[in-house]
Protein chains: 2
Amino acid sequence: MAMDSVDQKWSTAEREIMEATYRAMLEHGYPGLSISRIAEQFDKSKASIYYHYDSKDELLVSFLDFVVDQFKTNFAEEIDEDPSSALNTVIERLVPLQMNDEEFQGRIVLIELRSQATRNEAFREKFTEINELLVTSICEIIERGIEDGTFRDVEAARVAEHIVATVNGSTIDRVTTNREVAPAAVRLSLSSYIDSELKSCQ
Amino acid sequence: MAMDSVDQKWSTAEREIMEATYRAMLEHGYPGLSISRIAEQFDKSKASIYYHYDSKDELLVSFLDFVVDQFKTNFAEEIDEDPSSALNTVIERLVPLQMNDEEFQGRIVLIELRSQATRNEAFREKFTEINELLVTSICEIIERGIEDGTFRDVEAARVAEHIVATVNGSTIDRVTTNREVAPAAVRLSLSSYIDSELKSCQ
DNA sequence: GTCTATATCATGATAGAC
DNA sequence: GTCTATCATGATATAGAC
């Protein structure tokens, strides 16, 4: 299951196809994704894609895997020892105050794929995995903070669920509305929530 | 802009098409939505749809309007005078502890449409409108509660943003993952949040 | 307003040469 | 492994009868 590196999970050709798929999806969206449009995004033909993938469905499941792996890799980067700053880092990573184009586009792709999880069980399992990863990671940080006295003795799992829901809701807002102040407001209220919920009630 | 009743906004034929579109979308999803499949869902032909709508795009924008109107009508139902119970009602309405099939399917359709707001400006505006409506409504309740002394003197807009983000994140989770306990956990933590943030710090 | 029939195009997928 | 050429199907959209 766990691999040393992403490079061993996909061959060069497959990775090229995945990256072309990513670009095609950014340009045309999930409903507009077609084999021809993927082929347009790199230097090989439609038919070559079918050498590597039996069907469009199989390709899409692989693509989801590819995108989720990227997300996980990105999320798992060095997290501080100190529970309080670890939590800050995680939140800054999930709801950055400033987002560059690349990050923003990554969110768009994820949301579009996510909406397909409503009818596709393979997709659904992947997003269950993502949310579970987020909740578990945050939960562990909170538990560490409770142990070393940084945080109050709260129900860590419940607080983690809350944070993840808020973070996801904020992301959706940012990507599907023009409400430009909202993310900043949520960042503030999230800090306030963490303060009042986790720090001692002075 | 504001109409007495939904019945005046769409003719009978149009409403039939909208309802057929709704069923087709539930069955095939947004990417699988086609004029033929909409026509399959009622007793008229493909061509008759083109009598009422010039193009598929125009139909889809109308459909979004239709679905969003339903959502708003549903959300705007009688809300209590008392700020505290009004807030409870709103949250129970947005994140029900139990959801029947109809409610669940309504959420699926909204999420699928929402993911299209990432590339379609008309869609984006509609979802901006929805989120603004939710934030404004909740904000007003909180402000009323502050005035009559029910709630602490918090920054109402910020708390409202937080609640809406959390509610939306919880909905996404419910519709796109198999994490069946999560919504209940978020409901609990939302109540806890409202308690600690809005009620006096005893 | 609704029908049947049809034009035109893009899609997923395959065959067979190299 | 990759290509070109091709097939069958289903898409949007229109024409014209009723």
Side-chain angles (χ1 to χ4, degrees), chain A residues 7-67 109 112-113 115-116 119-123, chain B residues 7-66 109 112-113 115-116 119-120 122-123:
Chain A
D7 306 315
Q8 294 169 316
K9 195 162 175 177
W10 287 279
S11 68
T12 319
E14 284 168 341
R15 213 169 47 252
E16 276 172 13
I17 294 173
M18 292 297 98
E19 276 155 13
T21 306
Y22 194 87
R23 287 190 293 273
M25 186 152 161
L26 275 178
E27 194 164 326
H28 306 286
Y30 184 90
L33 204 55
S34 74
I35 303 292
S36 323
R37 275 161 172 178
I38 295 170
E40 275 170 14
Q41 297 291 332
F42 75 142
D43 61 351
K44 289 176 191 155
S45 72
K46 277 200 302 176
S48 84
I49 294 174
Y50 281 102
Y51 176 81
H52 295 281
Y53 298 93
D54 288 344
S55 68
K56 189 190 176 187
D57 262 22
E58 195 198 293
L59 184 151
L60 286 175
V61 172
S62 276
F63 179 62
L64 177 60
D65 231 66
F66 178 78
V67 170
V109 168
E112 286 208 74
L113 290 175
S115 80
Q116 292 312 301
R119 24 199 102 261
N120 181 320
E121 185 53 30
F123 278 46
Chain B
D7 306 315
Q8 294 169 316
K9 194 162 176 178
W10 287 279
S11 69
T12 319
E14 284 167 340
R15 214 169 47 250
E16 274 172 12
I17 294 172
M18 292 296 100
E19 276 155 14
T21 305
Y22 194 87
R23 287 190 294 273
M25 185 153 162
L26 275 178
E27 194 165 326
H28 305 287
Y30 185 89
L33 204 54
S34 73
I35 304 291
S36 321
R37 277 161 169 177
I38 295 170
E40 277 171 12
Q41 297 291 332
F42 76 140
D43 60 349
K44 289 177 190 154
S45 72
K46 279 200 299 179
S48 82
I49 293 174
Y50 281 101
Y51 175 81
H52 295 280
Y53 299 93
D54 288 343
S55 68
K56 189 190 176 186
D57 262 23
E58 196 197 293
L59 184 151
L60 286 175
V61 172
S62 275
F63 179 61
L64 177 60
D65 230 66
F66 178 78
V109 168
E112 286 208 74
L113 290 175
S115 80
Q116 292 312 301
R119 19 196 109 261
N120 182 319
F123 277 46

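This is a predicted model, so every value here is computed, not measured. All values below come from the heavy atoms of this structure, side chains included, with hydrogens, waters and symmetry mates left out. Naming convention: chains lettered A, B, ... in sequence-line order (proteins, then strands); numbering from 1 in each chain.
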Determine which pairs satisfy salt bridge (Lys or Arg N to Asp or Glu O under 4.0 Å) with at least one residue from residues 31-47 of chain B, sequence neighbours left out, and list them in order.
Glu16(B)-Lys44(B)
If I take atom CG in residue Asp57(A) and atom C1' in nucleotide dA13(C), what distance separates them, rounded to the nearest angstrom?
13 Å
Heavy-atom side-chain contact between Leu59(B) and Met18(B) under 4.5 Å
yes
Is the shortest side-chain heavy-atom distance between Glu19(A) and Phe66(A) below 4.5 Å?
yes
Not counting sequence neighbours, which residues clear side chain to side chain donor-acceptor pair (under 3.5 Å) with Asp65(A)? List them please.
Lys9(A), Lys126(A)
Check every nucleotide of DNA chain D for an atom under 4.0 Å from a heavy-atom of chain A, then give the first and the last such nucleotide from 5' to 3'.
dG1(D) to dT4(D)
Spatial distance of atom OH (Tyr51(A)) from atom OG (Ser45(A)) [nearest 0.5 Å]
13.0 Å
For atom CD of Glu58(A) and atom P of dA13(C), their distance in whole Å
10 Å
Would you check if Trp10(B) and Ile17(B) make a side-chain contact, meaning some heavy-atom pair closer than 4.5 Å?
no
By nearest heavy atom, map Lys56(A) and Ala47(B) onto DNA chain C; which one lands nearer the 5' end?
Ala47(B)
Glu58(A): what forms a side-chain contact (heavy atoms from CB on, under 4.5 Å) with it, not counting sequence neighbours?
Tyr53(A), Asp54(A), Ser55(A)
Who are the side chain to side chain donor-acceptor pair (under 3.5 Å) partners of Gln116(B), not counting sequence neighbours?
none
So, with a heavy-atom separation below 4.0 Å from DNA chain C, the residues of residues 25-45 of chain B are Asp43(B), Lys44(B), Ser45(B)
